[in-house]
Amino acid sequence: ENKAFAFIASLKVSKKAVERNKLKRIARVITSPLLKDVPSGICAAVFFKPTILGKKYTEIKNEIINLYKKAKII
C-alpha cells in the first residue's frame with residue numbers, strides 16, 4: 001500500500017517548535033485510524049493555518065476529517 005501524508009506547520013502558525021510539533025502529532029493520531037479508508041496511491045500534504053492554534057482536539061479532529069471528505073480522500 002502506498003499512502004503518504006505530510007503535515008506542515010510553518011513558522012507562520014507558531015514561532016514555538018513545541019506548538020508546531022504538537023499540531024503535527026495530533027494530526028498523525030487523527031489520521032492513523034482513517035488510513036484503512038484511504039485508497040491506495042494517495043499522497044497528501046496538510047498545511048496548518050494560524051487559526052488552528054487554541055482549538056480543542058475534537059475541533060481539530062472534525063476539521064481534518066471534513067477536509068479529507070471534501071478532498072475525497074475518505
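What's counted below: heavy atoms across the whole structure, side chains too, no hydrogens, waters or symmetry copies. Throughout, numbering of the chain's residues begins at 1 and tracks the sequence.
Ile8 and Ile52 fall into different hydrophobic clusters, defined by Ile, Leu, Val, Met, Phe, Trp and Tyr side-chain heavy atoms under 4.5 Å apart, directly or through other members. Using a 4.5 Å cut-off between side-chain heavy atoms of Ile, Leu, Val, Met, Phe, Trp and Tyr, with links allowed through other members, Phe5 and Phe47 fall into different hydrophobic clusters.
Checked by atom type and distance alone, the side chain of Lys36 pairs as donor or acceptor with a backbone atom of Pro33 at under 3.5 Å.
Of the inter-residue distances, the one linking Ile64 atom CD1 with Ile74 atom CD1 reads 10.5 Å to the nearest 0.5 angstrom. To the nearest 0.5 Å, atom CD of residue Glu59 and atom CG of residue Asn62 are 8.0 Å apart. Distance check: Lys15 NZ to Ser10 OG gives 8.5 Å after rounding to the nearest 0.5 Å. Atom CG of Leu23 is separated from atom CZ of Arg28 by 11.0 Å, given to the nearest 0.5 angstrom. Between the CD1 atom of Ile60 and the CZ atom of Phe48 there is a distance of 7.5 Å, given to the nearest 0.5 Å. Interatomic distance, CG of Leu35 versus CD1 of Ile42, reported as 11.0 Å (0.5 Å rounding).
Under the side chain to side chain contact (heavy atoms under 4.5 Å, CB included) criterion, Ala4 pairs with Cys43, sequence neighbours left out. Every residue meeting the side chain to side chain contact (heavy atoms under 4.5 Å, CB included) condition with Asn21, not counting sequence neighbours, appears here in chain and number order: Ala17, Lys24, Arg25.
Proximity of Val29 to Tyr57: side-chain heavy atoms (C-beta onward) are separated by under 4.5 Å at one or more points. Side-chain contact check for Lys56 versus Lys61: every heavy-atom pair is 4.5 Å or farther apart. The shortest side-chain heavy-atom distance between Tyr68 and Thr31 falls under the 4.5 Å cut-off.
Here the closest heavy-atom approach between residue Leu53 and residue Ser14 is recorded as CD1-CB, 3.9 Å. Between Pro50 and Lys12 the shortest heavy-atom distance is CG-O, 3.4 Å.
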